[in-house]
Amino acid sequence: DTLLPTDETYEQTLSNKKNNSKNIQSKRTLEAFRDADGSYGFKNKNNQVIIFPAYDDVFEFSDGLAAVKANGKWGFIDTKGNWAINPQYT
C-alpha cells in the first residue's frame, strides 16, 4: 500500500515552505534597485540607499558579497560597496 499525504500534512508542508521563504527574505539585508539612468545600487530594508547606483548589472548578496558589473567587467563588492575582488571577469 502507498501512503498518501493527508490534507493536514500538505498544509503543514506549505506552511513550512512559506516560513522558510520569509526567513530567507528577512535575512537579506540589502536589495538591488535600478535608478532612472539604468544604473544599479543597493538599498536596505528601510529603503535607504546604502550603495549608490554605479553598476551596469548586479546579483543579490550572498555570504556578504555581490557580483557587480562595472565598465563591462564583473567583480565582487562587500555590503559597504568596497571591492572585494576588482572587476576583471568578462
Side-chain angles (χ1 to χ4, degrees):
D1 290 328
T2 303
L3 295 176
L4 297 174
T6 63
D7 286 341
E8 184 177 311
T9 304
Y10 180 73
E11 292 298 322
Q12 184 62 43
T13 300
L14 286 180
S15 176
N16 287 344
K17 285 186 178 193
K18 286 180 186 175
N19 288 337
N20 286 341
S21 176
K22 287 178 186 174
N23 287 341
I24 289 168
Q25 287 182 357
S26 68
K27 290 179 185 176
R28 193 177 287 162
T29 56
L30 298 177
E31 295 282 336
F33 74 97
R34 191 173 188 185
D35 70 4
D37 295 327
S39 294
Y40 290 89
F42 292 90
K43 292 182 179 182
N44 65 13
K45 292 179 186 178
N46 297 321
N47 212 30
Q48 296 171 306
V49 175
I50 302 301
I51 300 172
F52 286 91
Y55 307 105
D56 305 326
D57 201 358
V58 298
F59 282 91
E60 296 292 343
F61 278 90
S62 176
D63 296 325
L65 296 176
V68 298
K69 187 177 187 181
N71 300 318
K73 294 190 177 184
W74 288 92
F76 291 87
I77 59 169
D78 64 19
T79 56
K80 294 182 180 183
N82 300 314
W83 288 107
I85 299 175
N86 289 325
Q88 56 189 305
Y89 306 102
T90 54

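Numbering starts at 1 and runs along the sequence shown.
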Task: Linked hydrophobic residues, F33 as query - side chain contacts closer than 4.5 Å - done: V49, F52
TODO: Calculate, to the nearest 0.5 Å, the distance between atoms OH and CG belonging to Y89 and N86 respectively.
DONE: 10.0 Å
Task: Separation between CG of D57 and CZ of R34, rounded to the nearest 0.5 Å - done: 8.0 Å
Atom pairs and distances, side-chain donor-acceptor, residues 63-84, under 3.5 Å, sequence neighbours left out:
residue	atom	partner	partner atom	Å
D78	OD1	K80	N	2.9
D78	OD1	G81	N	3.0
D78	OD1	N82	N	2.9

Task: Considering all heavy atoms, the nearest S39-P53 contact - done: O-CB, 3.6 Å
Task: Single-linkage hydrophobic cluster I85~Y55, side-chain heavy atoms < 4.5 angstrom - done: no
Task: Set of side-chain hydrogen bond (donor to acceptor under 3.5 Å, both in side chains) partners for Q48, sequence neighbours left out - done: N44
